[in-house]
Visitor: 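Structure incoming, see below.
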Amino acid sequence: MRGQVSTGKARAAVRRPAAEQPAPRPAVGQGYWQIAWRRLRRHRLGMAGAGVVFVLLVAALLSPWIAPYPPTHIDLENRMSPPSWKHPLGTDELGHDVLTRLLYAGRVSLTVGFSAAVASALVGTVVGLVSGFYGGWLDNVLMRFVDIMLSVPDLPILIILARYFGGSLVGIVAVITAFGWMGTARLVRGEVLRLKRTDFVEAARALGASNARIMWRHLVPNALAPVIVAATLAVGGAILTEAALSYLGFGIQPPTPSWGNMLQNAQDFIWRTPLLAFWPGLMIFLTVLCFNFFGDGLRDALDPRLRT
Amino acid sequence: MGGYLARRLLQMVPLVFGISVIVFMVLVMAPGDPVDLLLAGNPKVRAEDIQALRKIYGLDDPLHVRYVKWLVNALRGDFGYSRTYKVPVLQLVWDRIGNSMWLTIPSFLLALAVAVPVGVISALRQYSALDYAATFFTFFGVSIPAFWFGIMMIYVFAVVLRVLPPGGFATPGVAPGWPTVVDRLQYMVLPVVVLSLLQMAALTRYTRSSMLEVIRQDYVRTARAKGLAERVVIGKHALRNAMIPIVTILALGIPNLFAGAPLTETVFAWPGIGRLIVESVGGGDYATAQVALLFLAVLVLVFNLLADVAYALLDPRIRYD
Amino acid sequence: MRSRWVALVLVASLAVPTLALGAPAPVAGPDTVVIGTQQEPAVIALGICDACTMFVATMVSQPILLPTVEMTDEWKFQPVAVEKLPSLKDGDWKLLPGDKMQVTWRIRRGLRWHDGRSLTAEDWIFAWRVNMNPRFPSSGRDVSQRVENILAPNPYTMVVQWRKKYAFADLNVNGAGYLPRHILGPAYQRDPSKLPQQPWGTSEQTVGTGPYRIVQWQRGSSITLERWDQFPYEAVGGSYRTRAQVRRIVFRFVPDTNTQIANVLAGSVDAFDETAIPFVQGLELEKRLQREGRRDWVLKAEPGLIWEHIDLNLDNVHLRDKRVRQALIYGINREQMVQALFEGKQPVAHQVFPQKHYGHNPQVRRYTYDPARARQLLQEAGYTPGPDGILQKGGQRLSLTFMTTAGNRVREQVQQIIQQQLREIGVEIRIQNQPARVYFGQTLPSRQFEMAMYAWVFGPTADCEGLYTGDTLPPNGQNYPGWKNDEVTRICHAVPEELDQNRRAQMLRRFAEIFVDEVPVIPLYYRADYTGHKATLQNWKPTGADTPVTWNATQWRWAR
């Protein structure tokens, strides 16, 4: 689902002139996070996004209590019924309550989105850190690998992997992560290269701090902000990817509902009950949109240098 | 410059090699092989026939032998036959790329035609209603699932209004010449719109931010201070410089013109390269999937290089030794 | 600066493949039938069809390449390219000592390839040789390998010598049909493994023998056949004697179902074949046409020979017990399921072979939905309810994994219904699906399943050998449940060698009785395929078997 202009390569190319300008940024301290929070609160779209995301999260967490039916409750006498008091959004081709399924599917989609984003951020951070810190042949090998991964068309490979490791939640998260960490790796590597030259890192080194300590105490906290922003935006991307894979039939398998596989099932009946296809798509869209708003707000708050 | 180019080209060799290994391994290590699948429907098949088929298709060799065989043939220019379509893989891939371009090029141009002016204007009128609308639109464009958008468009325009075909590539039996063109255009409308939305959104965003960065620069202020007309300041100084990163982005987008769009092509039943890859992966047509994936990867590499070169040529601040 | 940008664009455009519009197919008209079908065949000649889909290949090839023997929609067999079907009574089918046989076929005179060459015995012999060559990628040698030799005393007579008895030696000459030796001979000499890649059989250059010839093949889009007016109608038999009226037949390949449906509604196809629209959407389309009061289309769902079922792994600790298997089948409301999902148009299966098959046994016991009986059987088998409501025995919960091909939506629906129903009798079902390649390629052959749902596609002459014979567990055959019943093994091995149809039928009926009592497999339903045609197109006759609807293309007519 990498958009054509969002590849790490593109970002690197665009930023090149920026890197030549002085890039003043205060060392991360407590004041930094307070300022960021104040900035975030002023970002209306970002806060709206965060609000909706919060509501979705709560709804997903509470779905066993708020959903009107059990998620796998089948009612063959009552298939594809229109919205009614009993079924506010109607029922699907097996008589499942659509509202219930949407809620439970939200759990799956959000879980996949968060897990994949966090996992990608972790892998990317480790690779970027090691690559930027040690440099030399290791850096070379790792970055060439990143180049390869960025050059392979991702969706087809994702499909291949998902066919064999998908189906389960863990599998699908692993597959999405496998193609989601490269951007973060480049980002962190860049930050590390920049930070390595700064006074406080050299001071730490002069004081005899170990490599691990320098990485953990000085580099990671300072590179955290852009990683958080990237990870937030990646949640939306991961949800889209999961939906796409499920839509193609390679993602989460029934009877576990996900927005993508609900959409896939609904496609057979688009001539009769188009609403069945409407709801899950709308949920994907809303969720991704809100994560993007929120991520954008976070970026503006945490990293004003990148403000657009 | 020549030295730089040569070095970059040389660097590509191990990359291409690495990609081919990865693609090969991913394809081949997936469990089950096509022969098993082929025979699953036939209760009377004999074990020795299965063995014979494996041998003919070269599926019984160890992995590394299969890869080396493939590599040697590929270096000789023989990329094999598609097992599903019974035509040389290269020809198949080429044809499908051609089909994909019916979608990718118009959608790219459409995106460009909308995104650049909208991006520029929204940068010049920052915080205006138009700017907000454009910003919202870019979020909309990158967040909407393309396949869902496609399905909804099919529902509205093909099912309800019945003004456009719900998918496909051409109506058979249409007279050659002009009617064929008109026919093709009808099939193109929906997928082109769906496909261009994401690109349009991303491109608008880039144009806007790049333009914003430029108009804050000293030379633009200087030009204004000199009393030049606003049209000249924007047209001659700002726009030109803002285009530099945009051109890079465009160059990076070109491989996507070849890569097709697996999801959009699937939704609209368009016989393009994206769908070919998805299908060949599913149907165990290794030879096809391998070549198609590798081909696209190489394109990405080549255009990355071209983008860097273009960048160097356009931006006097960058020098390569 | 501008020139450099232009240069970049030029580089890009050099790499662009041509965007030429392909030459379009001939214009549709009243003397044309446009058939919507799903998949484009890679190879249209059956004799060299290796990885191809037999059904679509047959669909396109029937009007181009005369069959030796044809099957009608009433499942009657008629000689086409041969003068008669051999029979024991007439003496042209002879039993020889040592269970060998000799069958004599007489090819009709006056049959020609479209290039003028006569169709003779050497073409059948060539096809058989090709199929038996180990270097040729054949996927079906089961009949061919029973033939020891084929002699041709003259160009129009074939004497087929069979190694051992074979029940259908009167319908099948050699297990391979015929191929144009004068065209494929040299390529075969060079490399038999490349035979499926020759222009013959894969392009417009497929010289045929039938009343139609292929005039255009637009890859990814359509194949157009045109009537061949020199066809010797008097010289052939069966439906091919009727002089063809439709001048052109166009096969239009539409892989996407929704597009196919739109084409039907818009009338841009005249008919659609068995593969074009999956059953569920076909049902939706039929209802939509009814709702709109449209009478211009006639849709038919013909229940056929595709048998959906669940294999039970008889090595499983629970499934070893016959009572458990019977409880499962009592616990599934198959009638309600087919009513709800298919409006009863895909009928419940109670045994292996459907009604139209000669081996069908109308008297077998039927398991109708009876959850009380199911619970009782499980209790008798020693199961008691566990704390979570799931039955258990000796500390083992009655929990079974249920697999099928991932992405098959109907099967996924059936699974979910069964999961819910079995849960009510205290059986836990865990759904775990796999992509077809893994499922058929690895899981079934290694028998790593507990319950596995899939379908067998039978021909009208299908029997139980290989499927349920006790010595054909994989890798020696496809007895995936691992069923070992001596009587069944004996019967199923004997059927293909029993030459008397009545006795064969009797044997298969006995097999059905044992099968139904033992329940090694849960039969679910027989699949039906929708076909449809414009009301004014006459003589559209789907067979519901492995013979596609083009079998009588010469008889198609447009009502005036």
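Side chains are part of it too, since the values below use all heavy atoms of this structure and drop only hydrogens, waters and symmetry mates.
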Visitor: Can you confirm whether or not the ring centre of A:Phe291 sits under 6.0 Å from the ring centre of B:Phe139?
Guide: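 Between A:Phe291 and B:Phe139, the centre distance exceeds or equals 6.0 Å.
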Visitor: Quick check on A:Leu289 against chain B: is it the side chain, the backbone, both or neither that has a heavy atom closer than 4.5 Å?
Guide: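 Both backbone and side chain.
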Visitor: Taking every heavy-atom pair that is under 4.5 Å apart, which of B:Ile151, B:Ile154, B:Val278 has the most such pairs with chain A?
Guide: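 The candidate making the most pairs under 4.5 Å is B:Ile151.
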Visitor: Does any backbone or side-chain atom of B:Leu294 lie under 4.5 Å from a heavy atom of chain A? Answer side chain, backbone, both or neither.
Guide: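 The answer is neither part of B:Leu294.
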Visitor: Using a cut-off of under 4.5 Å on heavy-atom pairs, state which of A:Leu286, A:Asn292, A:Thr287, A:Ile239 scores highest against chain B.
Guide: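 The answer is A:Asn292.
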Visitor: Answer with yes or no whether the side chains of B:Ser100 and B:Glu265 bring together a donor and an acceptor at under 3.5 Å.
Guide: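 Yes, side-chain donor-acceptor contact under 3.5 Å.
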Visitor: Taking the basic N atoms (NZ, or NE/NH1/NH2) and the acidic carboxylate oxygens, is any pair closer than 4.0 Å for A:Arg186 and A:Asp147?
Guide: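 Salt bridge: yes.
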Visitor: Considering all heavy atoms of both residues, which atom of B:Ala261 and which atom of B:Leu195 are nearest to each other, and what is their separation?
Guide: CB-CD1, 3.4 Å
Visitor: Taking the side chain from B:Thr138 and the backbone from B:Thr135, do they hold a donor-acceptor pair closer than 3.5 Å?
Guide: yes
Visitor: Going through the checks in order, is the side-chain hydrogen bond (donor to acceptor under 3.5 Å, both in side chains) test met by B:Ser209 and B:Glu213?
Guide: CA-CA 6 Å; B:Ser209 54; B:Glu213 198 173 308; over 6 Å; no
Visitor: Which label fits A:Phe285 and B:Phe140: parallel for a plane angle under 30°, tilted from 30 to 60°, or perpendicular past 60°?
Guide: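 Perpendicular: the ring planes of A:Phe285 and B:Phe140 meet at over 60°.
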Visitor: Counting a contact as any heavy-atom pair under 4.5 Å apart, which residues of residues 45-54 of chain A contact chain B?
Guide: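 Answer by number: none.
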Visitor: Under 4.5 Å from any heavy atom of chain A, what part of B:Val16 do you find: side chain, backbone, both or neither?
Guide: neither
Visitor: Between B:Arg205 and A:Asp296, does at least one N-O distance fall below 4.0 Å, as a salt bridge requires?
Guide: yes
Visitor: Counting only heavy atoms closer than 4.5 Å, note whether B:Phe136 contacts chain A via side chain, backbone, both or neither.
Guide: side chain
Visitor: Would you mind telling me which of A:Pro274, A:Gly236, A:Ala266 has the largest number of heavy-atom pairs within less than 4.5 Å of chain B?
Guide: A:Pro274
Visitor: Output, in order, the C-alpha distance, side-chain angles, deciding distance and verdict of side chain to side chain contact (heavy atoms under 4.5 Å, CB included) for A:Asp300 and A:His43.
Guide: CA-CA 8 Å; A:Asp300 286 358; A:His43 196 285; 3.3 Å; yes
Visitor: With sequence neighbours excluded, what pairs up with B:Arg96 under the salt bridge (Lys or Arg N to Asp or Glu O under 4.0 Å) test?
Guide: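 If we apply the salt bridge (Lys or Arg N to Asp or Glu O under 4.0 Å) test to B:Arg96, skipping adjacent residues, there are no hits.
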Visitor: Heavy-atom distance under 4.5 Å to chain A: side chain of B:Val267, backbone, both or neither?
Guide: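 For B:Val267, backbone and side chain are both near chain A.
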